[in-house]
Amino acid sequence: MKNHQIRMDVIGNNIANVNTTAFKAGRVNFKDTLSQLISYNSGAGQGSNKANQVGSGMTLAGIDNIFTQGGLVATGRETDLAIQGNGYFAVQSQNEDGDEVIYYTRDGSFYINEEDGEGYLVNSLGYNVLNVDGEPIRLELPINSININRDGKIFVNSEDTGEVIGLKQFDNQGELIKQGSNLYIYPGEDESGLGTPGSDGLGTIEACNLEMSNVDLTNEFSNMIITQRGYQANSRVITVSDEMLQELLNLKR
């Protein structure tokens, strides 16, 4: 029952984030637990035995994230970017100790932050977006217009700035850990750098668009019903077991 409640919590979180930009749905997997061996029955064949086992229930096997592509929605903002295909934007911040921390995200709702006479491309938290060299993207002011093509090249006032948005690709996306605010961290060692959009298997940049959540409401509501029925069935087992025990105790009377 507890594990079914965990699954219901994951489903509820998916539904809550149905309109969250670039959200990736979670999925709960179960596995059976160790079975108790009751006895062996000799089979018909020579040297063959049949094990009589009773299972001891189920437990949580893991909670996965489903990294399928979400739909794109047009916004009309030049600094709203969506990735069509593989890859993540890299954004840089500092932790409490002053060390630089790199996060990865599919949320491309970016802004221009003016600082020290230059414009920096940042996300909604003010974290710097990194270029293909792993450096914060710097743009000269004033910025009257900005255009970003599918290869990630940034043009300001119709002139090529030389800045290219970097994308990160992971061989195993399942290792990414959610940090909230549509951000992920990669816990392992990764020596590879950022790549150019549209090359080496990376997706392209779609300006004036944002990637929406990949949550399928039809699937989530179906899973909710199945999970609720599983919870009810397990609670019914407890009730019936209690009634059987009560009958056993009443045999003494």
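These numbers come from a predicted model, not from an experiment.
Screening Y186, Y103, F67 for a side-chain contact (heavy atoms from CB on, under 4.5 Å) with Y88, the sole residue that qualifies is F67.
Put simply, M58 and V28 are part of the same group of oily side chains (I, L, V, M, F, W, Y) that touch within less than 4.5 Å, one to the next. If you chain together hydrophobic residues whose side chains sit under 4.5 Å apart, L125 and V122 never meet in one group. Using a 4.5 Å cut-off between side-chain heavy atoms of Ile, Leu, Val, Met, Phe, Trp and Tyr, with links allowed through other members, F30 and I63 fall into the same hydrophobic cluster. In this structure, L202 is a member of the same hydrophobic cluster as F110, with clusters built from ILVMFWY side-chain heavy atoms closer than 4.5 Å.
A donor-acceptor contact shorter than 3.5 Å links the side chain of N157 to the backbone of N144. Between the side chain of D242 and the main chain of I238, no donor-acceptor pair closer than 3.5 Å is present. Not a single donor-acceptor pair under 3.5 Å links the side chain of N13 to the backbone N or O of I11. At distances below 3.5 Å, not a single donor-acceptor pair connects side-chain atoms of D160 with backbone N or O atoms of K153.
With contacts defined as side-chain heavy-atom distances shorter than 4.5 Å, the pair H4/T227 qualifies. You'll find the side chain of T68 stays beyond 4.5 Å of the side chain of K24, heavy atoms only. Using a 4.5 Å heavy-atom threshold, the side chains of L121 and T79 count as touching. With a 4.5 Å cut-off on side-chain heavy atoms, V91 and L130 do not count as touching. Residues L167 and L194 fail the side-chain proximity criterion, which asks for heavy atoms closer than 4.5 Å. Under the 4.5 Å side-chain criterion, counting only non-hydrogen atoms from C-beta, Q69 is in contact with E211. You'll find the side chain of V215 reaches within 4.5 Å of the side chain of F23, heavy atoms only. Side chains of T196 and V164 form a contact here, defined as non-hydrogen atoms less than 4.5 Å apart.
Separation of atoms CZ (R106) and OG (S213) is listed at 12.5 Å; rounding is to 0.5 Å. N113 CG to L139 CG: the interatomic distance, rounded to the nearest 0.5 Å, is 11.0 Å.
Ring-plane geometry between F170 and Y104 is classed as perpendicular, the angle between the planes exceeding 60 degrees on a 0 to 90 degree scale with a lower cut at 30.
Minimum heavy-atom separation, A207 to E78: CB-O, 4.2 Å.
Neither side chain, T105 nor D107, offers a donor N or O lying under 3.5 Å from an acceptor on the other.
We find that E206 and R150 are joined by a salt bridge, their nearest charged nitrogen and carboxylate oxygen being less than 4.0 Å apart.
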Practice task
Apply side-chain contact (heavy atoms from CB on, under 4.5 Å) to N14 and D216, showing your working.
Solution key: CA-CA 9 Å; N14 289 341; D216 185 342; over 6 Å; no
Practice task
In sequence, state the C-alpha distance, the side-chain angles, and the governing distance for L81 and I148, and then conclude on side-chain contact (heavy atoms from CB on, under 4.5 Å).
Solution key: CA-CA 9 Å; L81 308 178; I148 302 169; 3.7 Å; yes
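Applying the 6.0 Å contact sphere to CD of Q53 captures more than 12 heavy atoms from other residues, nucleotides or ligands.
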